Protein chains: 2
Amino acid sequence: MKQDLEIRELINRLTRLDAATAWGGDLNPTQRAVLDYLGRANRFSRSPSHVAEYLGSTRGTVSQSFKSLVQKGYVTERRSKLDKRAISFELTETGNAVASAQNPLTIALADYPEGEKDNLLASLRGVLGAMLSQNKSRPFGICSSCMHHETTSNGGYCRLLSKPLLPFETHQICYEHETT
Amino acid sequence: MKQDLEIRELINRLTRLDAATAWGGDLNPTQRAVLDYLGRANRFSRSPSHVAEYLGSTRGTVSQSFKSLVQKGYVTERRSKLDKRAISFELTETGNAVASAQNPLTIALADYPEGEKDNLLASLRGVLGAMLSQNKSRPFGICSSCMHHETTSNGGYCRLLSKPLLPFETHQICYEHETT
DNA sequence: CACTATTAGTATCGAGTCGAAACTATTGCA
DNA sequence: TGCAATAGTTTCGACTCGATACTAATAGTG
């Protein structure tokens, strides 16, 4: 019980300190989070709705964030031909640079023993899993671990969307992900 | 490297999901964080400046947060006699209830094996330590682990501030904390 | 095929955060 | 005595947040 409070405190504080220094540029923590997500999500998972669900936010808020990200040149809009309502956003070169940049938290992690990192990663995944099942939101897992994924000679194939995947795409996160 | 990005992602996402549901009442995540801090800090560490440093924020922002927390009745102001500039805030009964309430993250942690929790706690403390030394901010540790602390028959004593401490106070966090 | 329900995204509102900078009152120091 | 440092507040503009009301496109049903 007392442990739980301290763990929550630590997780929140780490994010807060990470965000505080992240304010620096012309981006705020939310905009940065959107960029980070876009850098890891596949091409079927880059709409305002998807981002909103991933971040536990709303379409309205995310729509605003995209507006200023487009204006600042971190992201470009791509409208779908099939469904004229749908929009998919893509990182520009600048956007990509920001998404993969170092920050206080990753610097702190850099000189941390590998074994400890694996443990930490596993624990955090577990906690996140418990939280997600609590409010039954999607896991946003990686393609290659999905029940609809098929490994092929030249990458992968998604049985759900009936689309072939390039090798690097099989390591991206997907809105439709379902654990086996 | 890739691990580091995922760890950051997980930590940020946990906070975000935790915060998202925390919006519910008439409190936002920042106000809640202030309340949580106040619930764990000792009487020498409850000023706007202290909170600002703990949260990696600024005095200006925290001042605003306190304004609305006072207005909503979660916190009361106490001016110091010795230094007429200084203010210390205290949780009201309602404030205390909120600070120790359950939330999505603690619920997720509840049915998590004890041993794993200890490991997670230790890892997170380590990462936080690395981050704090990076931007040389204070550790905000617990009194009993401080180099100025002395255990007495009826609680403790702070050699730095020359003040006796009640037993429960030796487990609170302090702005002045220094590791041995 | 038409009509309605659902879905995707946007606009607007009010409260609040954020850093930055300017400001007031008090205390400390020389 | 006088100036510097400190504690806290206020204001500014950009932005987040949930809520709500909105438009346009697609899906489902009769």
Side-chain angles (χ1 to χ4, degrees), chain A residues 12 15-35 37 44-72 74-75 77-89 135 175-176, chain B residues 12 15-35 37 44-72 74-75 77-89 135 175-176:
Chain A
N12 284 334
T15 303
R16 203 162 262 283
L17 293 175
D18 192 42
T21 45
W23 271 98
D26 60 343
L27 288 169
N28 63 42
T30 299
Q31 293 169 343
R32 190 172 293 263
V34 172
L35 251 37
Y37 170 79
F44 314 116
S45 316
R46 298 203 194 116
S47 73
S49 304
H50 298 146
V51 177
E53 184 160 350
Y54 184 80
L55 298 179
S57 183
T58 62
R59 295 199 309 272
T61 300
V62 172
S63 191
Q64 296 303 313
S65 301
F66 271 122
K67 202 164 77 174
S68 69
L69 284 174
V70 168
Q71 203 186 342
K72 290 177 187 169
Y74 290 105
V75 129
E77 188 178 306
R78 163 166 305 184
R79 301 210 89 102
S80 165
K81 296 271 183 324
L82 298 168
D83 186 339
K84 286 182 197 156
R85 294 170 303 178
I87 301 185
S88 185
F89 288 93
N135 39 284
Y175 176 75
E176 307 287 359
Chain B
N12 284 334
T15 302
R16 204 162 261 285
L17 293 175
D18 191 42
T21 45
W23 271 98
D26 60 343
L27 287 169
N28 62 42
T30 299
Q31 293 169 343
R32 191 173 293 263
V34 173
L35 251 37
Y37 170 79
F44 314 116
S45 315
R46 298 203 194 116
S47 73
S49 303
H50 298 146
V51 177
E53 184 160 351
Y54 183 81
L55 298 179
S57 183
T58 61
R59 296 199 308 273
T61 299
V62 171
S63 192
Q64 296 303 314
S65 301
F66 271 122
K67 203 163 80 174
S68 68
L69 283 173
V70 167
Q71 202 186 342
K72 289 175 186 169
Y74 290 105
V75 129
E77 188 178 307
R78 163 168 307 185
R79 301 209 90 102
S80 165
K81 295 273 186 319
L82 298 167
D83 186 340
K84 285 183 198 156
R85 294 169 304 179
I87 301 185
S88 184
F89 287 93
N135 38 285
Y175 175 75
E176 307 286 359

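Predicted, not measured: the structure shown is a model, and the values here were computed from it.
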Once you apply a heavy-atom cut-off of 4.0 Å, does [X] come out as touching a base, just sugar-phosphate, or nothing?
| X | value |
| --- | --- |
| A/Arg79 | nothing |
| A/Thr61 | base |
| A/Gln31 | sugar-phosphate |

Which residues share a side-chain hydrogen bond (donor to acceptor under 3.5 Å, both in side chains) with [X], sequence neighbours left out:
| X | answer |
| --- | --- |
| A/Thr61 | A/Thr58 |
| A/Gln31 | A/Ser68, A/Lys72 |
| B/Ser63 | none |
| A/Ser88 | none |

Nearest-neighbour nucleotide for the A/Pro48 side chain, C/dG9, D/dG18, D/dT10 considered: C/dG9

Out of D/dT9, D/dC15, C/dG19, whichever nucleotide has its closest atom nearest the side chain of B/Ser57: C/dG19

B/Leu69 CG - D/dT9 P separation (whole Å): 12 Å

Nucleotide C/dC18, atom C1' - distance to CZ of A/Arg32 in whole Å: 14 Å

B/S/- contact track for nucleotides 23-30 of chain C, protein heavy atom under 4.0 Å: --BBS---

B/Phe44: ring-ring contact (aromatic ring centres under 6.0 Å, His included) partners, not counting sequence neighbours: none

